[in-house]
**Q** 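Okay, handing you the structure first.
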Amino acid sequence: MADMKALSEFLQKGKAKDVKELVQQAVDAGMGAEEILDQGLLAGMNIIGEKFKNNEVFVPEVLIAARAMNAGMEILKPLLAAGNMENRGTVVIGTVKGDLHDIGKNLVGMMMKGKGLTVIDLGTDVPPARFVEEAIANKADIIACSALLTTTMKEMGNVVKAVREANLQDKVKVMIGGAPVTESFKNTVGADSYTPDAATAAEVALEICKSA
Ligand code: B1M
């Protein structure tokens, strides 16, 4: 039986080629795609998430681990789609209108994928109406907004308003974050959650989806 501990370790070290090979070996040995995802890839990504939160690893290590995760996912994706894997939840993510910073947003998206959530990335400079349209189109549980500028963070309040105007507040939770954002700002704009880093954002997103 393929070694899931080794798979998790290769992922943490960002060894994309080895990850791909081990995933293929596991599939060939008859292991289920969901099992490989949970015990190998997601297990490794969870450890990276924890280490990132504790400043034991930094942005470059997370990016290479995510690249290795994607290499493994290339093999698993068609199998997961064919096997009706339970959807753990859907997140529509983007950087708010007027803001082009996307490094933090990308990390948040990667960590959320690492929790097994479906992530729809709208990119940067996303107007409030687009967040809502995509949340409806994809039956999302969460709209996740990132902002890096004090001049653009107010757009998060407009996203909350747009969600309320569409009468979606009971179905879609708004998560916010980014360097200038705080818990007190979250309370001011009425968002559902503020998290300070990507790993915590992914943990909270999974909790929200579980309780939806
Ligand atoms: Co810009 N920039 N920038 N910039 N830039 C900052 C943010 C700034 C603090 C630099 C400074 O002056 N010291 C400053 C903002 C000042 C302010 O508003 N208070 C600034 C400025 C002023 C600008 C321009 C206006 C500069 C100009 O043109 N005059 C301009 C604005 C363009 C625009 O957006 N319209 C601009 C442009 C750029 C670049 C394009 C050159 C580039 C962005 C490239 C890119 O993203 N593709 C850039 C960069 C790289 C930065 C700095 C240097 C780094 C940002 C970054 O990626 N950090 C930044 C200074 C700094 O932070 N040291 C700066 C790493 C990243 C991992 O952290 O995004 O905070 P961060 O994400 C964290 C958490 O915040 C959290 O998780 C991540 C990690 O765990 N998080 C979330 C993020 N989103 C979350 C969402 C969540 C939860 C957590 O829930 C949904």
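If you read the sequence from its start, that first residue is 1, and numbering goes on from there. A quick note: this is a predicted structure, and the numbers were derived from the prediction, not measured. Whatever order the structure lists them in is the order used to number ligands and atoms, beginning at 1. Side chains included, hydrogens not; waters and symmetry mates left out as well; all remaining heavy atoms used.
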**Q** If you measure from atom 65 (C) of ligand 1 to every heavy atom of Val108, Leu100, Ile103, which option wins on shortest distance?
**A** Ile103
**Q** Taking 2.8 Å as the upper limit, name the protein N, O or S atoms near atom 1 (Co) of ligand 1.
**A** His101 NE2
**Q** Is atom 13 (N) of ligand 1 touching the protein, meaning some protein heavy atom lies under 4.0 Å away?
**A** no
**Q** Give a yes or no on whether Lys53 atom NZ has more than 12 heavy-atom contacts from other residues, nucleotides or ligands under 6.0 Å away.
**A** yes
**Q** Is any heavy atom of the protein nearer than 4.0 Å to atom 53 (C) of ligand 1?
**A** no
**Q** Side chains of Ser211 and Glu207: do they bring a donor and an acceptor to under 3.5 Å?
**A** no
**Q** Please check atom 82 (C) of ligand 1 for a protein heavy-atom neighbour under 4.0 Å.
**A** yes
**Q** Nearest heavy atom to atom 47 (N) of ligand 1: which of Asp125, Asp102, Ile176, Leu63 does it belong to?
**A** Asp102
**Q** Within less than 4.0 angstrom of ligand 1, does Phe52 place any heavy atom?
**A** yes
**Q** Does Asp99 come within less than 4.0 angstrom of ligand 1, counting non-hydrogen atoms of the residue?
**A** yes
**Q** Could you find the nearest protein heavy atom to atom 80 (O) of ligand 1 and give me its residue, atom name and distance?
**A** Ala198 N, 2.9 Å
**Q** Please check if a non-hydrogen protein atom sits closer than 4.0 Å to atom 38 (C) of ligand 1.
**A** yes
**Q** Is the backbone of Met175 close enough, under 3.5 Å, to the side chain of Asp192 for a donor and an acceptor to pair up by distance?
**A** no
**Q** Just go through Gly104, Gly177, Pro196 and tell me whose heavy atom is the nearest to atom 74 (C) of ligand 1.
**A** Pro196
**Q** Atom 91 (C) of ligand 1: which of Cys145, Gly98, Gly94 has the nearest heavy atom?
**A** Cys145
**Q** Kindly identify the option in Thr152, Thr124, Thr150 whose heavy atom sits closest to atom 18 (O) of ligand 1.
**A** Thr150
